[in-house]
Amino acid sequence: MSTPTQENPLTLKALTHKPVHLTGGHRMCSGCGAPTIVRQVLMAIDEPVVIANATGCLEVSTCLFPYTAWQVPWMHSAFENAAATASGIETMYRSLRKQGKLKKEMKFIAFGGDGGTYDIGFQALSGAMERGHQLLYICYDNGAYMNTGIQRSSATPFGADTTTQPVGSKIQGKTQRRKDLTRIMAAHNVAYAAQASPHNWKDLMTKVRKALATNGPAYMGVVSPCNRGWRSQTNDSILLSRLAVETCYWPLYEVQDGKWTINYDPKDRKKPITEWLKPQGRFKHLFAPGNEALLARFQELVDQDWESLKKLQEMSKS
Amino acid sequence: MKQMNWNELPHAGSILKAGNANEYKTGSWRSLKPRWIEENCIQCLFCWIYCPDSAVSVKDEKMTGFDYDHCKGCGVCAMECPGKKGNKAIVMEEEGK
C-alpha cells in the first residue's frame with residue numbers, strides 16, 4: 001500500500017498532482033532546509049496522516065497562532081515528548097479501530113529537531129521505539145538548537161562554532177564528537193531506521209514509504225541545512241545537504257531486519273570533508289593557520305564512521 | 001486577520017482552519033526575486049521539489065512561475081536549476097529594480 005506502485009509512482013510529474021500539505025506563509029527562515037523535508041515527507045504518503053511535533057524551529061514557525069501551515073491534523077505538546085504524544089495518538093487510533101469506531105487506515109509521524117530528538121526528547125523517543133508503536137519518527141537534524149540561538153546539541157559536529165561553545169583563544173568550537181543517533185535507533189532493533197537527505201528527494205520519499213509500510217516503529221534522520229546556524233548562504237541548503245552525503249559526513253543508508261544497506265556509495269569519488277566545511281562559517285576557524293590538526297581530526301572521524309558503516313553492511317549481508 | 005477577544009478564541013488554542021498560514025504573505029521578506037526564463041526551462045521541476053515555501057506554481061505537470069506572495073527569495077531554486085545548455089531558467093534579481 002505504501003510502497004511505490006504503478007498507480008503511485010515516485011516521479012516529480014506524478015507528485016505535482018498531490019495536495020500540498022504544508023502551505024507557504026509559514027515563518028521558517030528564508031532558505032531553511034526543514035520545510036523542504038516536510039513537504040517531501042508529506043507528499044510521499046497517500047493515507048491520512050497525523051503529525052506530532054516537538055518544540056523547535058519547525059513547530060514555532062509553522063504554527064504561529066492563529067495561523068497554521070499544516071493541512072493535516074497536527075499536535076504540539078512539549079519539547080521532550082513528541083514521540084510520547086505520537087504514541088498516545090497511535091494507541092487511541094488502535095483502540096478506536098478495535099471498537100469499530102474508525103475504519104480508515106492512518107499513519108502517524110513525529111517530527112523533531114536534533115535538540116528535541118538527540119537530547120531533550122531522547123527518553124520519550126527511546127521508549128516509543130521500545131514499546132513498538134506503529135509510528136515514524138523523523139528528526140530534521142541541523143546540528144544545534146537553532147531556534148533559540150545556535151546552542152550546541154549532542155548532534156553538533158566536532159569543531160563547530162556555537163554560542164555555548166564559541167571559538168576563543170583556548171577552545172576551537174565543539175571539542176566532542178557528535179552522537180550517532182541513527183545507529184542508536186538501529187540498536188533498538190526498530191522495524192526500520194534510515195538516514196536521508198532532501199537533495200535526494202527520491203531516496204527520502206522511498207524511505208518514508210518503506211518506513212510506514214513496516215509493521216513497527218521506524219526512525220529517520222534527515223540532514224537539514226540551516227543557513228543561520230551554519231553561517232552559510234540562503235541559497236545553498238540543497239547544495240550543502242548534497243555535499244554532506246558526497247563527503248560521507250551524512251551517509252545515506254537504511255537498516256531493516258538487521259540488514260544494513262548503504263544507498264549511496266561514492267566509492268573513489270568520495271569528496272574531502274573540507275568541501276562541506278568550507279562554505280560554512282561555523283567551521284571558518286578550522287581553516288586558520290595552526291588548526292590543521294583539527295581539520296585532519298574531522299576527516300579522520302568521518303572516515304572512521306564511514307568505514308565502520310561499510311563493515312556493518314558487509315557483516316549483515318546474506 | 002482580525003484580533004480575537006478572549007471569548008472568541010477556540011478551545012485549547014486549537015486552530016480550526018487547516019493551512020490558513022497561506023493567508024499570511026511572506027513575500028515582503030524578499031530582497032532578491034527569482035525570475036523565470038521560460039525558453040531555458042526543461043521542466044525538470046527541481047525548483048518545485050526543493051522550494052521551502054511552496055512558492056513554485058505548477059499546473060498540468062509543468063512549472064508555470066512563482067507565487068510572489070510567499071516566496072522569500074532564498075534562491076535555492078536558481079541554485080539548483082540546471083537550465084538549458086548552461087543557461088539558467090531561474091535567475092535572482094534585486095527586488096525593486
Side-chain angles (χ1 to χ4, degrees), chain A residues 10-40 42-43 61-77 198-202 204-205 224-225 227 233-242, chain B residues 1-4 8-10 12-32 34 43-64 66-81 90-92:
Chain A
L10 267 183
T11 65
L12 291 181
K13 277 195 163 63
L15 289 168
T16 57
H17 296 289
K18 298 281 250 175
V20 179
H21 286 314
L22 187 79
T23 69
H26 59 70
R27 262 60 72 76
M28 299 293 273
C29 299
S30 176
C32 173
T36 305
I37 294 167
V38 172
R39 288 184 61 222
Q40 293 182 4
L42 294 179
M43 249 188 267
S61 308
T62 55
C63 200
L64 270 88
F65 191 81
Y67 293 104
T68 178
W70 299 81
Q71 306 256 41
V72 290
W74 179 94
M75 182 172 178
H76 162 253
S77 56
H199 87 276
N200 193 338
W201 55 269
K202 197 160 193 161
L204 188 149
M205 292 166 86
S224 177
N227 58 63
Q233 306 302 314
T234 58
N235 64 359
D236 59 13
S237 66
I238 298 302
L239 180 79
L240 285 176
S241 62
R242 187 181 293 117
Chain B
M1 189 179 278
K2 184 185 143 282
Q3 188 93 38
M4 280 183 270
E8 294 168 325
L9 292 173
S14 301
I15 303 171
L16 304 174
K17 199 171 166 199
N20 64 352
N22 211 33
E23 295 162 21
Y24 190 91
K25 313 293 185 215
T26 46
S28 61
W29 294 19
R30 198 170 55 236
S31 61
L32 293 172
Q43 292 295 345
C44 65
L45 296 171
F46 287 173
C47 50
W48 170 76
I49 194 75
Y50 292 137
C51 176
D53 292 300
S54 309
V56 175
S57 315
V58 287
K59 202 181 170 217
D60 300 329
E61 304 188 347
K62 284 197 160 65
M63 190 269 188
T64 56
F66 296 101
D67 166 9
Y68 290 115
D69 280 347
H70 296 106
C71 168
K72 293 170 187 156
C74 65
V76 166
C77 52
M79 181 72 131
E80 295 304 317
C81 176
I90 300 173
V91 289
M92 301 303 288

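Naming convention: chains lettered A, B, ... in sequence-line order (proteins, then strands); numbering from 1 in each chain. Just so you know, these numbers use all the heavy atoms, side chains as well, and skip hydrogens, waters and symmetry mates.
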From B/Asn20 atom CG to A/Gln71 atom CD, the distance as rounded to the nearest 0.5 Å: 9.0 Å
Within 6.0 Å of CD in A/Gln233, more than 12 heavy atoms from elsewhere: no
Quick one: do B/Glu80 and A/His199 satisfy side chain to side chain donor-acceptor pair (under 3.5 Å)? Show the steps, please. CA-CA 10 Å; B/Glu80 295 304 317; A/His199 87 276; over 6 Å; no
Examine whether an atom of A/Pro198 lies under 4.5 Å from a heavy atom of chain B, and if so say whether it belongs to the side chain, the backbone or both; otherwise answer neither. backbone
Where the side chain of B/Ser54 meets the backbone of A/Leu22, is there a donor-acceptor pair that is under 3.5 Å apart? yes
For A/Gln40, is it the side chain, the backbone, both or neither that has a heavy atom under 4.5 Å from a heavy atom of chain B? side chain
Is it the backbone or the side chain of A/Leu15 that comes under 4.5 Å from a heavy atom of chain B, or both, or neither? both
Interchain contact, A/Arg242 with chain B, by part (heavy-atom threshold 4.5 Å): side chain
Hey, what do you get for OG (B/Ser14) to CE (A/Met75), rounding to the nearest 0.5 Å? 9.0 Å
Roughly how far, to the nearest 0.5 Å, is the CG atom of A/Leu12 from the CZ atom of B/Phe46? 6.5 Å
With no hydrogens and no angle check, is any side-chain donor or acceptor of A/Thr36 less than 3.5 Å from a backbone partner on B/Tyr50? yes
To the nearest 0.5 Å, how far apart are CG in A/Asp236 and CE in B/Met79? 5.5 Å
Within a 6.0 Å radius of atom NZ on B/Lys17, are there more than 12 heavy atoms belonging to other residues, nucleotides or ligands? no
Under a 4.5 Å heavy-atom cut-off, does chain B meet the side chain of A/Met43, its backbone, both or neither? side chain
For the side chain of A/Arg39 and the backbone of B/Cys51, is there at least one donor-acceptor N/O pair under 3.5 Å apart? yes
Region of A/His21 that comes under 4.5 Å of a non-hydrogen atom in chain B: neither
Atom NZ of residue position B/Lys25 - does it have more than 12 heavy atoms of other residues, nucleotides or ligands inside 6.0 Å? yes
Salt bridge (charged side-chain N to carboxylate O under 4.0 Å, His left out) filter on A/Lys202, not counting sequence neighbours, yields none
